[in-house]
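Structure first, then comments.
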There are 2 protein chains.
Amino acid sequence: MAGPQGSGMNIGEIARRAGVSRSTVSYALSGKRQVSDATRQRIQDVIDELGYRPNAAARALAEGRTRTVGLVIPPASKRLTHMQLDFVASVVEAAAQADLDVLLSPSGGEHERSFERLISESRVDGVILMEIRIEDARVNRLREARLPFVGIGHPAHDPQMCWVDVDYAGLISHCVRHLADLGHRDIALLNRSPELVATGYGPGHRARAGFLQAVEEHGLTGTELLCGDDARSGQECISRLLAEQPQVTALATINEAALPGVQRALDEAGLQVPRDFSLTGIVASHWAEDFRPPLTAADVPAGEMAARAMSLLIECIRRPAAPPEHVLMSPPITLRNSTAAAPTFHRSR
Amino acid sequence: MAGPQGSGMNIGEIARRAGVSRSTVSYALSGKRQVSDATRQRIQDVIDELGYRPNAAARALAEGRTRTVGLVIPPASKRLTHMQLDFVASVVEAAAQADLDVLLSPSGGEHERSFERLISESRVDGVILMEIRIEDARVNRLREARLPFVGIGHPAHDPQMCWVDVDYAGLISHCVRHLADLGHRDIALLNRSPELVATGYGPGHRARAGFLQAVEEHGLTGTELLCGDDARSGQECISRLLAEQPQVTALATINEAALPGVQRALDEAGLQVPRDFSLTGIVASHWAEDFRPPLTAADVPAGEMAARAMSLLIECIRRPAAPPEHVLMSPPITLRNSTAAAPTFHRSR
DNA sequence: TTGTAGGCGTTATCAC
DNA sequence: GTGATAACGCCTACAA
């Protein structure tokens, strides 16, 4: 098994050495027509000996497909969250399962060139688009390019595209009801950063909507906190909340990166979870389990989302005319140990 | 500007509409020979109108290069660390800067197929290989394939390959000296997981070597802790250490994921950093700054490593015969607030 | 300054 | 069962 990409290492060379024509080698490899066992074996021997693999570009050119999918990630400047990371890894895994390769592309900011290359140079057969905004120009761009794609997240109005999303509104609303059932009357929503929500970040908007609706439905008082995606912001946010609104006894969150700070703020205030303060939300299981005590929360199923997105994409590629499918995931709320009945006496300021 | 990948959308179509030959269009695009301003403009107009972009596969086939680099990441099963994540994002960023695309490939475990595709189907012009082991089969595989590559990390003996690494041995040794200067006599090294180190994970081995050497040099007593890459393992590890070896007053770490647990264990034991216990190590700045108090530590410069690796790779691609270059980075230890003079009295068990 | 033509390595449609 | 041969879309000598 010598080095593959040597000099004249192509299907013709294999054919020559095996004493057959190029087409026979091609068919022996693809299995798209009968090849006698004897010749197939002869060909295979030569291939094994030389370590030959067909050239991907030539194949893509001839077949009209690349066996590659694009994954558009948010730009690196804003550090990716752990959930996003899990997602990237899971997409790669799911693609590998289907013998597809993954071409990564940042988008937003400086990186339009990379995105344009991806979609308009026929580098990929389809695209998975992360972090879709409520109004997202890239969606139109992809449609223009007639490229099959699946969104992670969904824009405001678009029955015409495939997407996979988590039901942030429904789940947060569920969390609020859970807290209401436990007797909490004043609760807060720990949302993502102000900038993110301002630029139309779907989960932020939908969590807010679900929160407001549920708060009203149950006659509660609700406070929304927009909080940076890091521990320090979380600590500041919660410290301020505890100081300024001591009547608040519970919190729902979608901001996992802030959790270590939340923990510190509660510790510093001498509050015990769940005795003095209840906590729940939508969080990658990793973060939920690392909290003390472990969080009762809906675990964002990054792996399953990636797998569903990939099979949706494969389907979109196979049948471009098929009606778009949506998957709105509503993972169960895992009961751990961070919510309890509201404390009987209010904390004083 | 209509949809690009329509039906007959290729360089010939552009040529036809502009009333020139295909080669003229090609040259107008590449600039590899003079084209009169008039025709160039006419061609450009047609291109703009139709939104044409050359087909990547055809170009790769003709040029013999793909304008794509491969990034081999550890498999998703073992969750990527934050540092690795930063690194992936930074590589993509650096590649985009050079107008290169990035093909992602998991490796190890189930994913040999993906790795083999990457290196033997001419899908990429070069490879960045993350998480190199002290003995790493992939290195030989890449060399066999004659594919330019750059390692993040370096194997035990290999002057023949390009790599970028952090000087774990030197930095940990530096940390130990710092602690020794502060009067600590019993210190510990919080290493990565036993499995990782057992499979020849370079940073683990080199941190250990630097630790042992420095401990001996300064006449200290050292304990090495192999600890899982998560908060719970960190907490268990440190709790046990504090209980079993109360004479230990300082710790150096390369296990950032364990830090939240380290913090909890110290809190639970009622120890204050740095008054009662000093902490330092090699950690992505993100984690160092999220600790309370912020850690005095060498910040792993993921962004710069990625940039250096990318330019090394570009150089390897340009001149495959050039002697291999190495970059051993030794980022400065950022003074924050987690180390102080050793406590005068030993803690009791 | 521009056009012609051959080749890059596959796949796939014909014939045999 | 197997071989020629024409695409696939682009690049680039070689001519003009």
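Just so we're clear, the structure is a prediction, and the values are computed from it rather than from any experiment. Order of the sequence lines sets the chain letters (A, B, ...), proteins ahead of strands, with each chain counted from 1.
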- Message: As a test of understanding, state which of A:V88, A:L103, A:D101 forms a side chain to side chain contact (heavy atoms under 4.5 Å, CB included) with B:L104.
- Response: A:V88

- Item | Protein-nucleotide distance (A:Y27, atom OH; C:dA12, atom P), rounded to Å | 7 Å

- Task: Using only side-chain N and O atoms of A:S21, determine if any of them is under 4.0 Å from OP1 or OP2 of D:dT2.
- Result: no

- Within the side chain of A:T24, is there an N or O that forms a donor-acceptor pair under 3.5 Å with the backbone of A:V20? no

- Query: With sugar-phosphate meaning primed atoms plus P, OP1 and OP2, does B:Q34 contact a base, only sugar-phosphate, or nothing at under 4.0 Å between heavy atoms?
  - Reply: base

- Message: Which is more 5' along DNA chain C, the nucleotide nearest B:A62 or the one nearest B:V20? Just name the residue.
- Response: B:V20

- To the side chain of B:T39, which of D:dT2, C:dT2, C:dT10 is closest? C:dT2

- Measure from the side-chain N and O atoms of B:S26 to the backbone N and O of B:R22, and report whether any donor-acceptor pair falls under 3.5 Å. no

- Has A:R22 got a side-chain N or O lying under 4.0 Å from the OP1 or OP2 atom of C:dT10? no

- For the side chain of B:R65 and the backbone of B:D125, is there at least one donor-acceptor N/O pair under 3.5 Å apart? no

- A:S26 side chain N/O closer than 4.0 Å to the phosphate oxygens (OP1, OP2) of C:dT10? no

- Does the C:dG3 base have a donor-acceptor partner in the side chain of B:R33 within less than 3.5 Å? yes

- Item | Member of B:V150, B:L312, B:V164 meeting the side chain to side chain contact (heavy atoms under 4.5 Å, CB included) criterion with B:E325 | B:L312

- Does a nitrogen or oxygen in the side chain of A:K32 sit under 4.0 Å from OP1 or OP2 of C:dT11? no

- Task: Quick one: label B:S23 by what it contacts on the DNA or RNA (base, sugar-phosphate, nothing), any heavy atom closer than 4.0 Å.
- Result: base

- Query: How would you label the contact of B:S30 with the nucleic acid (heavy atoms, under 4.0 Å): base, sugar-phosphate, or nothing?
  - Reply: nothing

- Query: Is the distance from OP1 or OP2 of C:dT2 to the nearest side-chain N or O of B:S36 less than 4.0 Å?
  - Reply: yes

- Message: Which nucleotide wins on minimum distance to the side chain of B:N10, given the candidates D:dC10, D:dT2, D:dC11?
- Response: D:dC10

- Determine: side-chain N/O of B:Y52 to OP1/OP2 of D:dC10, distance under 4.0 Å, yes or no. yes

